[in-house]
Engineer: 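Please see the structure below; I have some questions.
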Amino acid sequence: MERGWAAGLVWGRADLVAGLTAGAVVIPKAMAYATVATLPVAVGLYTALVPMLVYGLLGSSRVLSVSSTTTIAILTGAEIALVAPDGDPARVATAAATLTALVGLILIVARYLRLGFLANFISAPVLTGFKAGIGLVIVVDQLPKLLGLHIEKHGFFADLLSLARHMPEASGPTLAVAAATLAVLVGLERFAPRAPAPLLAVGGAIAAAGLLGLASRGVSTVGFIPTGLPSLTLPDPSLALALLPGALGIALMSFTETIAAGRAFWRSGDPAIRPAQELTATGLANVAGAVLGAMPAGGGTSQTGVVRVAGGVSQTASLVTAGLAAATMLLLSPLLGLLPNATLAAVVIVYSVPLIKLGEFRDILRVRRMEFQWAVAAALGVLVFGTLQGIVAAIVLSLIGLGSQTAFPRVSIIGRKRGADVLRPLSPEHADDETFEGLLILRPEGRLFFLNAQAVADRVTALVREHRPRVVVLDMSRVPDIEYSALQMLMEGEQRATEAGAVVWIAALNPDALEAVRRAGFDRRLGRERLLFNARAAIDRYLSAGDASGAPAGDGLERGARE
């Protein structure tokens, strides 16, 4: 019993420290992300309170920290701009509440429809490209605040040109504040990584604004922030249809980032990360946040990392962070109003640049050029078409990638390693592998179904025409299942091969594939003689039916196989 109390005290102290440390990082970042989403900074505080609190009570991860993220913020801003282009505060607040509620409801519905697997629909290379595009968009979006400029937004490349034209008009005092903030953030991240860099940068900027009168020098500040806890904000059902496509994309990114962050910081001994519970927890966190002024939320990798580094061991740390956000709203709102917008922009840029992972592009290129092209295309999709269209492009590219991999499965010619009982695909690296005159062993790989059946049949036909074997062995050991269309194609191919004078044997059928063959009656047509346990058995039978040189007695073998 004493040990239990002692362990509880240690955990409680560790979570208290971790929660306060995480809050020092999360709260300034949440405020900055609210500005990315074109929302008041108070919305960032509400997002660091309500979703954090709800997930802390319901989530399956012990340390996951849930508020807004860079990706979710930029997607939210793009979606709100569609329904509130004039920036009317009341309509923006209603649109944000409606969007957040939709995101939460989508996550909850996805949990009951068991759609958690949809998070895997964006491949890793495409996600790398998508996030890099998001990172570039955010940097360019925040640069005007960093420089004290005001430009009309028309898209990434147009904004970049506009920035270049207006650069001579940059505000010196604003640029100085931005430079000082960047120096603090980058310097602390490099030389004191455990220090709460965002808190120190924000605190220093507020002190400088108050002591030096930065607002009177032309430095834009946050301005009035309401004191107190968030008030009730009701979603508007009339906006639901217009916001639904964007909400689907944000929900997908929220779940993807939540699962990724939860798994990244899972440790041995922690409870398993359960996707269904994560969908419920983040869904309810967003629904509760919607009516209390928050923006869409999800698990954040960097803030969860802070919890781990600070020693957090349970969701008590998130509850402490939420409490700190509430205390900030109740006590520090007047001070936060002095915060320069350039400081918030610097915070956003510093924590958005890591989204642009050039090393991952290089690693992808090293492994597969095609997937590197998908990553680049995903990044360009965000830059050219916009963030919401970019996420659709990312999903489409992932599906195209999946289709291209499954539509053209490999069909290998199998040989035997000389002097060893090892069967493997023929390749220039193994030019000495044995093949057998008159025998062609082909091994297709992957599930055979309507999408790839014709491609596999064409490849097999081409190889048979090229090698003109007397016996063709289809080694099906790498085929987990055969769909009806592919089975029909296989049966038709066997008939054509027989008419052309070749015998088809089938080896190593997996249980599901064998069951499909039996239900179609194909096993009766082949007979036991042509259904073999594996490719080695096929080689042994072929050689035993021929002379010592390995050349089979073709007519007798074919005749026996047909009986």
Side-chain angles (χ1 to χ4, degrees), residues 409-448 456-457 459-482 486-487 490-491 493-518 520-563:
R410 177 182 298 176
V411 178
S412 304
I413 300 176
I414 301 301
R416 184 168 67 182
K417 182 178 180 181
R418 197 168 296 277
D421 186 25
V422 175
L423 301 183
R424 59 190 180 188
L426 294 181
S427 67
E429 292 81 9
H430 306 119
D432 192 43
D433 284 357
E434 291 181 283
T435 57
F436 307 94
E437 183 182 352
L439 176 67
L440 179 65
I441 304 176
L442 301 178
R443 178 190 289 167
E445 298 181 13
R447 184 173 183 266
L448 300 183
V456 171
R459 175 66 174 156
V460 169
T461 300
L463 290 172
V464 169
R465 286 175 179 170
E466 178 184 349
H467 294 273
R468 298 188 178 278
R470 287 189 286 274
V471 174
V472 180
V473 177
L474 292 180
D475 176 4
M476 307 293 280
S477 59
R478 302 293 190 273
V479 178
D481 191 22
I482 305 177
L487 183 57
L490 178 63
M491 295 169 67
E494 183 275 336
Q495 184 174 352
R496 288 195 300 271
T498 300
E499 293 170 354
V503 181
V504 176
W505 297 353
I506 298 180
L509 280 167
N510 285 297
D512 289 343
L514 179 59
E515 182 64 23
V517 166
R518 285 173 173 167
F522 192 29
D523 60 326
R524 294 190 294 274
R525 191 161 100 193
L526 292 170
R528 287 191 173 187
E529 297 80 5
R530 291 198 283 161
L531 285 173
L532 301 166
F533 184 68
N534 55 34
R536 290 181 180 84
I539 293 174
D540 291 342
R541 174 174 292 185
Y542 182 81
L543 295 179
S544 66
D547 56 26
S549 66
D555 293 341
L557 186 64
E558 183 175 340
R559 185 168 54 253
R562 290 179 181 175
E563 292 177 354

Engineer: Is the backbone N or O of Arg478 less than 3.5 Å from a side-chain atom of Arg443, with the two atoms forming a donor-acceptor pair by type?
Structural biologist: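 Answer holds: no.
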Engineer: Could you walk me through whether Val503 and Thr498 pass side chain to side chain contact (heavy atoms under 4.5 Å, CB included), step by step?
Structural biologist: CA-CA 6 Å; Val503 181; Thr498 300; over 6 Å; no
Engineer: Look at atom CZ of Arg424 and say whether more than 12 heavy atoms of other residues, nucleotides or ligands are closer to it than 6.0 Å.
Structural biologist: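 Yes, the 6.0 Å shell around CZ holds more than 12 heavy atoms from other groups.
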Engineer: To the nearest 0.5 angstrom, please state how far the CD1 atom of Ile482 sits from the CZ atom of Arg447.
Structural biologist: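 CZ of Arg447 is found 10.0 Å from CD1 of Ile482.
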Engineer: Taking only residues two or more places apart in sequence or in another chain, which ones pass salt bridge (charged side-chain N to carboxylate O under 4.0 Å, His left out) with Arg416?
Structural biologist: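 For Arg416, the residues satisfying salt bridge (charged side-chain N to carboxylate O under 4.0 Å, His left out) (neighbours in sequence not counted) are Glu434.
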Engineer: Does any non-hydrogen side-chain atom of Ile506 lie less than 4.5 Å from one of Glu494?
Structural biologist: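 No, too far: nothing below the 4.5 Å cut-off.
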Engineer: Can you see which heavy atom on Gly446 is nearest to which on Pro480, and at what distance?
Structural biologist: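 Closest pair (atom of Gly446, atom of Pro480, distance): C-CD, 3.7 Å.
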Engineer: If you measure from CZ on Arg470 to CZ on Phe436, what distance do you get to the nearest 0.5 Å?
Structural biologist: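 Between Arg470 CZ and Phe436 CZ, I get 13.5 Å after rounding to 0.5 Å.
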Engineer: Check whether any side-chain heavy atom of Met476 sits under 4.5 Å from a side-chain heavy atom of Leu514, and report yes or no.
Structural biologist: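 A side-chain contact under 4.5 Å is absent here.
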Engineer: Nearest 0.5 Å please: distance from the CG atom of Leu532 over to the CG atom of Leu526.
Structural biologist: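 If we round to the nearest 0.5 Å, Leu532:CG and Leu526:CG are 10.0 Å apart.
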Engineer: Taking the side chain as every heavy atom from C-beta outward, state whether Val411 and Pro444 have any atom pair closer than 4.5 Å.
Structural biologist: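 With C-beta onward as the side chain, the pair touches.
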Engineer: What's the shortest heavy-atom distance between Ala502 and Pro469, and which atoms?
Structural biologist: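 Taking every non-hydrogen atom into account, CB-O, 3.7 Å.
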Engineer: So, taking the atom named CG in Leu440 and the one named CD in Glu437, what distance separates them when rounded to the nearest 0.5 Å?
Structural biologist: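 Going from the CG atom of Leu440 to the CD atom of Glu437 covers 13.0 Å.
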Engineer: So, Asn534 side chain and Arg536 main chain: donor-acceptor pair closer than 3.5 Å or not?
Structural biologist: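 Yes; at least one donor-acceptor contact below 3.5 Å.
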Engineer: With heavy-atom distances below 4.5 Å as the criterion, would you say the side chains of Ser412 and Leu426 are in contact?
Structural biologist: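 No - every pair of side-chain heavy atoms lies 4.5 Å or more apart.
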Engineer: Can you tell me if CZ on Arg418 sees more than 12 non-hydrogen neighbours from other groups inside 6.0 Å?
Structural biologist: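 For Arg418, atom CZ is crowded (more than 12 foreign heavy atoms under 6.0 Å).
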Engineer: Quick one: does Asn510's side chain have a donor or acceptor within less than 3.5 Å of a partner on Val479's backbone?
Structural biologist: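 Flag set: sc Asn510 to bb Val479 pair under 3.5 Å.
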Engineer: One pair to check against side chain to side chain contact (heavy atoms under 4.5 Å, CB included): Ile539 and Ile441. What are the steps and the verdict?
Structural biologist: CA-CA 9 Å; Ile539 293 174; Ile441 304 176; 3.6 Å; yes
Engineer: Enter the distance from Leu423:CG to Ser477:OG here, rounded to the nearest 0.5 Å.
Structural biologist: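 So the gap between those two atoms works out to 9.0 Å.
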Engineer: Are the side chains of His467 and Thr435 in touch, meaning some heavy atoms are under 4.5 Å apart?
Structural biologist: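 No, too far: nothing below the 4.5 Å cut-off.
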Engineer: Any non-hydrogen side-chain atom of Ile413 less than 4.5 Å from a side-chain atom of Pro425?
Structural biologist: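 A side-chain contact under 4.5 Å is absent here.
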Engineer: Applying the side chain to side chain contact (heavy atoms under 4.5 Å, CB included) criterion to Leu509, which one of Asp475, Leu474, Leu531, Asp523 satisfies it?
Structural biologist: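 Passing option: Leu531.
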Engineer: Report yes if some heavy atom in the side chain of Leu487 is under 4.5 Å from a heavy atom in the side chain of Val517; otherwise report no.
Structural biologist: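 Yes - at least one pair of side-chain heavy atoms lies under 4.5 Å apart.
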